[in-house]
Every structure is written in C-alpha cells, then in structure tokens.
Trainee: 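Take this structure, written in structure tokens, and hold onto it; I'll ask about it next.
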Amino acid sequence: MTDSLLTRFGRAVMATGRQPAFLLAVPSLVLFTVFFLAPLGWMLRLSTYESGGAGQSKFYEPGTFTLARFVEIAGDPFFLKLGLVTLQVGLIITAVTMAAALPFAIYVHRAHGIRKRLLLFAVVLPKLTNLLVLMYGVLLLLGDSGYINQILLALGVVKQPLPLFANLAALVYGEVLIVLPYPILMLVAAMESVDPSLEEAARSLGANPFRAYYEAVLKLIVPAIVTSTLVTLIWGLGAFIAPTVLGSPDYYTIAIQVYSETLENFNWPLGAALATVYVAFVALLVAVALMVQGRVARKWAHTA
Amino acid sequence: MLKLERVGMRFAGSVDAVVDLDLEVRAGEFMFLLGPSGSGKTTTLRMIAGFERATSGRIELNGRSIAEVPPHRRDVGMVFQRYALFPHFTVVENVAFGLKMRGMPEKERPRRVEEVLALVRLTGLEARFPDQLSGGQQQRVALARALAYRPALLLLDEPLANLDRRLRDEMRIELKRIQQQMGTTMLFVTHDQEEALTLGDRIAVMHQGRLEQLGTPLELYRKPATRFVASFIGDMNFLLAECMHASACGTKSTARLAIGGPDQEIAGRHPAGRRVVVCVRPERVVLRPTSGGGARTGVVKYAGFSGDSIRYAVALPTGAELLVREPALESKAGFSVGDAVALEWVDPVLNAFPE
C-alpha cells in the first residue's frame, strides 16, 4: 500500500462522518481559540483575583476570588469619566471617519480604469506603514518644531509655536488616519456589488443623477454602511496609539488606562477588570447593531 | 416619431461602434434592431436612451433634438436585459418608482400601478420582492415599470434573452398584445432573427455598426438587400455562378450556375463575367428522383424528419452542400441517404450578390 499521505488523511476524514467542508474552518478556529478565546478566559479569571499586596510586589494574589475590582470600577467617578471620555473620543472618531469615508467611497466607485486603481492603492497606502511610524509622522507635521509651525514661524505669522498636538483634534486626526481605509474598502466593495444597470434604470425612470445614485446604489448598501460604521466605532473606542502619541491626559482612553494599570502599576486584576468591562460593552454594542441592522436597512429603503 | 440622422459612435481608441446610421421609427410601430453581437445595436439603443452620447449625427424625438436632454428628462422607457429591478423595492414600489420620480401625485399612483399590473397580468403579486418572483414574472415587472408612466417610446434590450424557450414564446405573444393594446412605440434590440420576424412591424438589420437593410419581415426574407441580410435572416443556400449578360430592361441578369443546368435568371444588373452567389431558400427547393449524373443533381447526405417537414442536406458535385426543407406529406415518399436527386426551385428569378 502506497497511499499518499493526503489520501490516507482524506479517508480518515471521511471515516469521521463529518462534512469535510468543516475542515476549512479548522485553521481559523485553532487560531481563534488559542490566541483569542483562551486569553479572553484568562483575562476573565485575572479580573477576579485580589490585587498583589502593598506596593504591588506581585501582579496579583494567586488562589483568591473577588469581584472587588468591578465594585471599585463601578463606584469610582474616575472610571465613569474614563468611560465617558472613551465613548466621546470613539464617537467623534467614528463621525469624522464616516463623514470622510462615504463621499470618498462614492468618488472611488464613480472613477474608472487606472484612476480607480490608483485611488484604491492610495487608500491602502497608509496601511503599509507601521502604526507608530505613522503617528510620529503626524507629530513631525503638527509638533512644536513640526513643519507647519516652522513655516508659520518663518513667515512671521505667529511668534510662538501653535499648540497643534496634545489635544483632541490631533488625536482624532491621527486615529482617523489609521481607521479610514477600512470603511472605505468595505463601502467600495459593497457599491461594486450593486448591478450598475439599476442606476441606469432609475435614470430612465426619471430620477436625476443624484436621486438615481441615492435610490439605486446608496439605499442598497445601507447594511454595509451600518457594518462599516460599527467597525469604525470599535476602532475608535479602542483607540490607543493616537491618544498616547497625539492626545493629552484629558483624553486618555480605557485602552491607555488598561495599559498603565497592567504595565505601570502592575495591578493586573484591575487592568483585567477594566478590559472585561470594555469588552462586554463593545460586545453588547455589536450585538445590538447586528440585530437592528436588517431593520434599519429595510426601513431606510422604504422611506424617504 | 424617433429619427436618427447620420448618427455615429466612436469609442476612444477603438473601432467605430456605429457608423452613419439613419433610422426612422413611426408612432405606434413595433420596430426591431437586429444584428449579431458587436453590430452596434445595443450602443444605438443606449444613445437613444441617453446613456451614451453620440459622437456625430442627430437624434430627434417628436421633432426635437434630444442630444442635450439627460436620460431622466427624455420621454423614453427602457427594459433591460437583466431586468434591473430594484431588489429593495416591492413590485408596487418598483412600478410606482417612475411615477414618483416624474412627480405624479401620491394619490393617483395606486390606480395607475394597478392598471399596468393588470396589463402585464401580475395582479396579486404586488407585495412581493423581485427575488420572490420567477424570471418571467420579473420580466413582466420590468415591463410594467417602464410602461407605467406611459413613455412616448419604449426601448427593449434583449428582454427575452434570459428566459427559457417556452416562457420566451409566451412573452413574445404577451409583448405583441401589450404593444397593440397600449399603442406604445417600441424599439426592440435582439440578435434572434426569429423573434424579430415574428414580432416586428419593421426590422433594421445592423452589421458592423452599419444599417444593412430596413424593411418589413417579409421584405427582408424575400428581398434581402445584402449578402449579410440574406445569410442572417432565415436559412439560405448560396450557389456559385458566373454572370452571362444583363438583360435589356436592366433589372435582371442571366447567370450560369456552377452546378450546371439551364441559364438562371437573377435579380439585379450584374456585369458579364462577374462571379456571383445565387440565393435559394431551403424551402424553395424541390427534389425529384433521378437516375443520377447530369446537371443540377446531387446525392442526399442527410435526411432528418422534424414533424411537419423533412430536412435534407444534398451533396453537390461542386463539393458544396445544399440545405433543403420539404413539407412532410403523406402522399410523397421521402428520400433516403444515398439517393440521387435532381434539383429544381420554385422561383424563376433568384436573388444574387457579388461573390
């Protein structure tokens, strides 16, 4: 018997009686389990340990179980403010990103040939750079001795460098740079899947170009608009690098706080509890969004 | 009603899609644009609809040039090949869309929608979405949607191409009925000559961007103006011949067929010595038994019974093959493969084109 390894493998699979198609999901499931579900479980357990003694000589107190960290988070106005700031930052990032992404996606969708390919390449271009490098690039532009301030100083427009970074605007600008390609690509993909003759049909039925585009393209991609907004919001809520490099302590997000609790204060249970609350909130958000998505799309299609 | 004058379309960096096209569609007419793919028929339709801009010439609708009129202000409806129904709208919403866009008051819309749905026999399916309909039903919705606001001219771009044969035959009859009932002027693009012959009041045959011939189905079939039309409309045999002399009256000539036999009269004035192809329809050929040999004879190579008729392929001494279709009569015994047959045709004068 000189059956190849693949043949024997195939026979073994058939013998299990399972749909072989299931195997296609195995690599993903393994990765997902090992690198996401298992750490998630570990994080949950971590959040219920006692913090490690005075001066945090230990990261946590093994063998303990307490919900004290959650009580601490719920009771301390600091964490409430942290949550609200994170939400505020996330929503602003989402609003700015989507306001830029949708028109640009339409522009790409309307373009043809080489121009369309160049535009799409331009969209993914920032993704070829390391995030941190990208952020320091922004700093190079906005910093006290950055290009903009240097030019303004040289021209004598200002006497002192303008405070262009370490504020909300710079933080949002930086994070939008990071996130923007995702909704654009999602929206363009959705637009491309719409039969172009629908728009022509709308035109021949009496719709002007704008109305035709709205009725026969945009209304059809509402589910993609909802999904891409959601993806953007998740990025925005989890903003870490942009607030760290370009923001100010007033706009430190939960992600930054989790980082400093675990790696600066060595209070792993608190960091884990904070992360747990955050993950639960985002999961809830996604669940609600996915539930209403279909209804939103249908309603939008039939009104206006 | 619709008039095209020397209309041309040249796409950048490519051959001319449409060249100097003259065409006039009369009010209430069911006109066909017939041609193989790449003949420019769809481009012509899209220029009339306003989706493409003619690079030369003039298009008039009801006496007014529509070159500067955008598609949504042209009084032209269109039925697309793949229907282009709005998947997010119900049947009613699809049909009412044109009424809404053209500003018909909301109160008046339901009556019109109901009317036109009854016309295409879709009553009862109002609340369905396109993906809940069969292909034939979707086709009807597309038709109803385009007819609802009563455009002066309805353009149809191969609307039946995606239907199976039985449904297509059914829709053809329906289309003709609707066209007659509404009196709508229709311009129908197709590559299916049978469709054009059975439905069209007149047919414009296009080939390589040019108009080959414009005429009634009967005219195209009986008097094809070009060799292309002769070969594209129906089945046709082309027999090689050499022209002997033109007749005195100038409308006929005499030719000697390569397969022999008496001199053959052909239509048109051809100079002596020119090689021509003489056209014979398969159903105009009569086969007679013969002992074999001699002029205008051949051997049956294929005989196929198809209900009302028998099709033969007859091998000619020249090496060519002649298609023959004879009515399958009980009184007449058919021929078998290998039989020698003598050929005759019903028409004394045949069409001919330069080779």
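In what follows, every chain begins at residue 1, and chains take the letters A, B, ... in the order their sequences are listed.
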Trainee: Atom CZ of residue position B/Arg10 - does it have more than 12 heavy atoms of other residues, nucleotides or ligands inside 6.0 Å?
Mentor: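 Atom CZ in B/Arg10 is not packed in, count stays at 12 or less.
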Trainee: Is it the side chain or the backbone of A/Ala212 that comes within 4.5 Å of chain B heavy atoms, both, or neither?
Mentor: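 Contact with chain B involves no heavy atom of A/Ala212 at all.
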Trainee: Can you establish whether the number of heavy atoms outside B/Arg6 located under 6.0 Å from its atom CZ is more than 12?
Mentor: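 Open: at most 12 neighbouring heavy atoms sit under 6.0 Å from CZ of B/Arg6.
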Trainee: Taking all atoms of both residues into account, what is the closest heavy-atom pair of A/Ser204 and B/Phe80, and its distance?
Mentor: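 That would be OG-CE1, 4.3 Å.
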Trainee: Return yes when atom CD of B/Glu114 has more than 12 non-hydrogen atoms of other residues, nucleotides or ligands closer than 6.0 Å, and no otherwise.
Mentor: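 At most 12 heavy atoms, drawn from other residues, nucleotides or ligands, come within 6.0 Å of this atom.
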Trainee: Please state whether the side chain, the backbone, both or neither of B/Arg145 comes within less than 4.5 Å of a heavy atom of chain A.
Mentor: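 Its backbone and side chain both get close to chain A.
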Trainee: Counting heavy-atom pairs closer than 4.5 Å to chain A, which one of B/Gly103, B/Pro87, B/Ala148, B/Ala142 comes out on top?
Mentor: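 Going by pairs under 4.5 Å, I would pick B/Pro87.
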Trainee: With a 6.0 Å cut-off (strictly less than), is the heavy-atom count around CZ of B/Arg82, excluding the residue itself, greater than 12?
Mentor: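 Result for CZ/B/Arg82: open.
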Trainee: Let me know if B/Leu99 has heavy atoms under 4.5 Å from chain A in its side chain, its backbone, both or neither.
Mentor: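 Contact with chain A is absent: no heavy atom of B/Leu99 under 4.5 Å.
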Trainee: Look up atom CZ in B/Arg74 and atom CZ in A/Arg203, then write down how far apart they are to the nearest 0.5 Å.
Mentor: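 The CZ atom of A/Arg203 is 9.5 Å from CZ of B/Arg74, to the nearest 0.5 Å.
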Trainee: Say you draw a straight line from CZ of A/Arg211 to NE2 of B/His72; how long is it, rounded to the nearest 0.5 Å?
Mentor: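 Interatomic distance, A/Arg211 CZ to B/His72 NE2, rounded to 0.5 Å: 11.5 Å.
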Trainee: Could you walk me through whether A/Glu215 and B/Phe97 pass side chain to side chain contact (heavy atoms under 4.5 Å, CB included), step by step?
Mentor: CA-CA 10 Å; A/Glu215 297 282 348; B/Phe97 187 82; 3.8 Å; yes
Trainee: Is chain B contacted by the side chain of A/Asn208, its backbone, both, or neither, given a heavy-atom distance below 4.5 Å?
Mentor: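 Backbone plus side chain of A/Asn208, per the 4.5 Å heavy-atom cut-off to chain B.
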Trainee: Taking all non-hydrogen atoms of both residues into account, name the closest pair between A/Leu198 and B/Leu85 and its distance.
Mentor: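 Closest heavy-atom pair between A/Leu198 and B/Leu85: CD2-O, 3.1 Å.
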Trainee: If you count heavy atoms of other groups shown closer than 6.0 angstrom to CD of B/Gln181, is the number above 12?
Mentor: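 Above 12, so yes.
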Trainee: Quick one: does B/Arg102's side chain have a donor or acceptor within less than 3.5 Å of a partner on A/Leu205's backbone?
Mentor: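 Indeed, once roles are kept as given, a pair shorter than 3.5 Å links the two residues.
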Trainee: Measuring from B/Phe86:CZ to A/Asp195:CG, what's the distance to the nearest 0.5 Å?
Mentor: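 Spacing of CZ (B/Phe86) from CG (A/Asp195) equals 10.5 Å.
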Trainee: Crowded around A/Tyr173 OH? As in, over 12 foreign heavy atoms under 6.0 Å?
Mentor: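 No, because the 6.0 Å sphere around OH of A/Tyr173 holds 12 heavy atoms or fewer from other groups.
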